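Shown next, in structure tokens, is the structure this report addresses.
In this text the structure is predicted, and so the values were computed from the model without any measurement. Every chain is numbered from 1, with letters handed out A, B, ... down the list of sequences. Side chains included, hydrogens not; waters and symmetry mates left out as well; all remaining heavy atoms used.
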Amino acid sequence: MSATSAIAAVRTESHSASQWRLMWLKFKDHRLALASLAVLGLFYTIALVGPFLAPYDSWQTSPFAFAPPAKVHFFLPGHWGRPAVYGMKVISNPKTFDRITLRDRTKILPVRFFVRGSKYTWLGLIDSNLRLFGVEDGQINLMGTDILGRDCFSRVIIATQISVTVGIVGVLITFVLGALIGGASGYYGGVVDNVMQRFLEFVTCVPTIPMWMALGAAIPSYWSDVKVYFSITIILALRSWTGLSRQVRSKLLQLRDEEFVVAARVAGASDSRIILTHLLPGFASYLIVSLTLEIPRMILGETTLSFFGLGLRPPTVSWGVLLQDAQNLAAISSYPWLMFPAVMVVICVLAFNFLGDGLRDAADPYKE
Amino acid sequence: MRPEGNTILEVQDLTIRFHMRQGPVTAVDGLELSLEEGRVLGVVGESGCGKSVMSRALIRIEAPGTIEKGSVRYIDRDGCEVAIEKLDPAGRAIRRIRWKEIAMIFQEPMTSFGPQHSIGAQISEAMELHGILRGRDRQQAVVAALESVGMPRPTETAEQYPYQLSGGMRQRAMIAMALSCGPRILIADEPTTALDVSTESQILDLLRERQMALGMSVLYISHNLGVVAHIADDVAVMYLGRVVERSPVRVLFAAAKHPYTLALLRSLARVDRDIPGRLEVLSGGLPDPFLRPAGCVFHQRCPECIRGLCDRVVPRWVRLDDGSAVACHLYGGDHA
Amino acid sequence: MLNQVYARATILSRYVLKRLLWASVVLVFVSFFSFLVIQLPPGDFLDSYVETLSRSGMGVDSAQLASLRHAYGLDRSMIVQYWDWVTRFARGDMGVSLLYAKKVNVVISERLPWTLLVMITSMFLMYLISIPIGVYSARKQYSTGDFAASIVVFLGMAIPGFLLSLLLMWLVYLVFGISLGGLQSPQYMDQPFSWAAAKDLMWHLPVPIFVVAVAGMANLIRTMRATLLDELGKQYVTTARAKGLEERKLIWRYPVRMALNPIISSGEWLLAELFSGDTVVGIVLGLPTIGPVMYRALLAEDMYLAASCVMVMSILTVIGFLISDIVLAFNDPRIRLS
């Protein structure tokens, strides 16, 4: 296509596209955001598939404590061209009685795929024991093991499931709270608005992490893991809704007095109809951007809370819980592989932020 | 209005381009213009014809556009020529010329002033920049400037903030600020477009009065032929980045030459004549800025277009006896 | 002339008064919340006290318990208890801390100066660094400086505070061989002021302040960059340029001042976030500030201490809100006159 007809083609398309198609076209140009979308797709696929990807259960202990990450070799004798790892052995230091886990080069374990491992229930629906990979007569620890010999790779996979979904569930609650309160505030104005604003300001006056900690500490220790999970997401959402509520309110205040709303009211539309069909589509894109940017805050919040023991609790695993093992200098310098969940957190949060930025730029009709 | 004086500003072959993601856009294309001392030149054209960009280039605030070709020569008070197109847009030389020699007022009175500084402070700042007066003298000059543009309570207004004034008053304050350093040229970029009609006429009268009192040259840009008729001594008609016709105002309205000008005049509603049928409107629309027409920029919409000539050869300036100049093949534009 | 000064002063004071009124309302809400924090764990103060006693071998029988309960007023209704607690708090009586075996207000006041030190220096640093970087990023988009600024932004955004403190602690240990816990080396604690002690403080301060500040910096830089880019396209900037103002002076005098508005108003929640940062960093690095104290109190179910910490931090945040509102009014005349 010649340059001129190419230009003409693009311009025709943008003349006739819907709001969402326009957003998508602009979004495609933002390469960082696209890459982030791909990364997040990977994370959520891991979360969906879950235990299948992990060779072991997250709570399965073994005698091989603090084993370093296993290197996968492709050119070992007898297993040319196929993946294999070395086995491990445990040695006691005769003077200090410390136990160290070392590579045992005499034992070669071929990596097999689609093996049968321990049972798990996928998404609470289907029972299975199929694992993507594993070894016989030994262990494969791609990310090493922790103090109880538990496979870090498996734990990270399971933790990913929990950590990334906390954000989603939390954001849903945030959306409901924020939209309701902000919507009522902005639409009705007057006393309703005043009271809700004072309430909102009070919430923002209490520092975030102390507030979360105080509420997290209040969760009784005898509550079930599921209850704790949902309590944590609600606690996180109790802070997040303020940002969304403010946005919704200011947009509604702006739009409330616009003429098309007055026209709708004169035509006899009910309040909820006005809000839902007339006002909401106008700033739906802003809402989506806000929500996307809230998710990383929630993930960081959960990670921090769990790290300090006031969030999710063992045996539940999340990135924050896993990082409890990496709490001091000794641990980090001797067993750096314990920091891997930190890498996951950073990448996930960055990806969400870039995605949110990309969405925001794409939604802005005035941006070049 | 004074008799023809010396040329004070001369623009030759000016070309300004904007480099956008989709490609370069030529906003001003080989433009020729000259401004005489003490006279008012009205520049008329449709939205998007490049008149604003051109005016900004005169004081080098054309960014993000770039001057690719051509010259802008300013003849200063001592008669020396200054090649404005060669000056560094952020340099001291052009900053000395700005406001003191060539001042500018803009279309948007509502946003032309910084919202967080008082009107008086901003006018005073202009004077301070160009070393005019000090201390109490300057304060009094600020008040005097506001008075000269017809502000009802100049001392109070000087202390007020822009948001406390109406659009018309803000534009007056803008004019006061623009004239505060006694410039030789005032560029007025559609200063009344955003105002209601009665305020507009007041501002126009004010501008004319000030122009006559100070002997300034004015470059008045507008898309409104009626306004231009009211205020200008000479008129230049722009289309798609070029000046297509330039005449003294009476000559233009009585005997326009270029088909575009004629079309514009025909489409005006007039009180003094009966117009049979509907108002004539130019057919078609402005061409895509990325796809400039070859030859004469107007040929695609011109009712007198000569196939083979107008769509290939760019017409040159021809000066005619009645004081007008036109760029059109109908008047022999293919040979200078 | 004097008239104007007087007029401006009255407008400003009326504005301040309005804000003070607002602050009081909010603080009432905060007190509800703090009281809630006290009541949240199962059981009450006495139960924890009895636990502590029984752990050290002493017992309390049920009759004694009942009379103690009555003496402490723990058998009254919630509302009465709340009122009692709030009025006492206002007078400075915040209860007793089981964990530290001291009065709560003593525990807090011991740590208040350190907390304020960390807060104020962090805020100072934050604004001092972020604003010029934000302005630079907006003016010289896509330059190396802009890129470097983006790195700082990412650090602040994506790395959790506790992680950053850990990493920096590790880094300092690797490079300097110093283990950086707390704000003072043991030999200077509780000693009168000396230059050596001050130097020691200088060594300990940078890491906590940097971590606390960096999250806020990320936001400030982004806000400044985005707002400035917006403002730079506006008409008043062109007018200023056409007047002959130098580019640099022009940018700081007009659009940056406008861009300061969202910066200042973001300063409101910034203080709350600083306390969050202080809590996290404080726990990891063992700082003598209020945040870690609250954390330890929560873990030990020392509820009066925990609630008082929450209350004190919130009060300081509200004061921060007030200050930033007043600064905003100074910066933008439209706000104080509305």
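The aromatic rings of C/Phe162 and A/Phe307 sit parallel to each other, their planes meeting at less than 30°, with 60° as the upper class boundary.
Separation of atoms CG (C/Asp278) and CD1 (A/Ile209) is listed at 10.5 Å; rounding is to 0.5 Å. A/Glu201 CD to C/Trp22 CH2: the interatomic distance, rounded to the nearest 0.5 Å, is 5.0 Å. To the nearest 0.5 Å, atom CE of residue A/Met213 and atom CD1 of residue C/Ile283 are 4.0 Å apart. Separating the CD1 atom in C/Ile319 from the SG atom in A/Cys205 is a distance of 11.0 Å, to the nearest 0.5 Å. Once rounded to the nearest 0.5 Å, the distance linking OG of C/Ser314 with CZ of A/Phe202 reads 8.0 Å.
Environment of CZ in A/Phe340: sparse, with no more than 12 heavy atoms of neighbouring residues, nucleotides or ligands closer than 6.0 Å. Atom OH of A/Tyr44 has more than 12 heavy atoms from other residues, nucleotides or ligands within 6.0 Å. Counted within 6.0 Å of CD1 on A/Ile147, heavy atoms from surrounding residues, nucleotides or ligands total 12 or fewer; the atom is thus considered open.
Taking C/Val318, C/Val310, C/Thr279, C/Val280 one by one and counting their heavy-atom pairs under 4.5 Å with chain A, the maximum is reached by C/Val280.
At least one side-chain heavy atom of A/Thr204 sits under 4.5 Å from a side-chain heavy atom of C/Phe321. Counting only heavy atoms from C-beta outward, the side chains of A/Phe308 and C/Val284 approach each other to under 4.5 Å. Counting only heavy atoms from C-beta outward, the side chains of C/Leu166 and A/Gln327 never approach each other to under 4.5 Å.
Contacts between C/Ile159 and chain A at a heavy-atom distance below 4.5 Å involve backbone atoms as well as side-chain atoms. Residue A/Ile219 does not touch chain C at all, counting heavy-atom pairs closer than 4.5 Å. Heavy-atom distances place the side chain of A/Leu323, and not its backbone, under 4.5 Å from chain C. For A/Asp357, the part sitting under 4.5 Å from any heavy atom of chain C is the side chain, from C-beta outward, and nothing else. With a threshold of 4.5 angstrom between heavy atoms, C/Leu299 approaches chain A through side-chain atoms but not through N, CA, C or O. For chain A, no part of C/Ile315 is nearby; none of its heavy atoms comes within less than 4.5 Å.
Between the side chain of C/Tyr295 and the backbone N or O of A/Pro210, no donor-acceptor pair lies under 3.5 Å. Listed for the A/Thr208 side chain is no donor-acceptor partner under 3.5 Å among the backbone atoms of C/Ser276.
Below 4.5 Å, heavy atoms of chain C meet heavy atoms from A/Val345, A/Val346, A/Val349, A/Leu350, A/Asn353, A/Phe354, all part of residues 344-354 of chain A.
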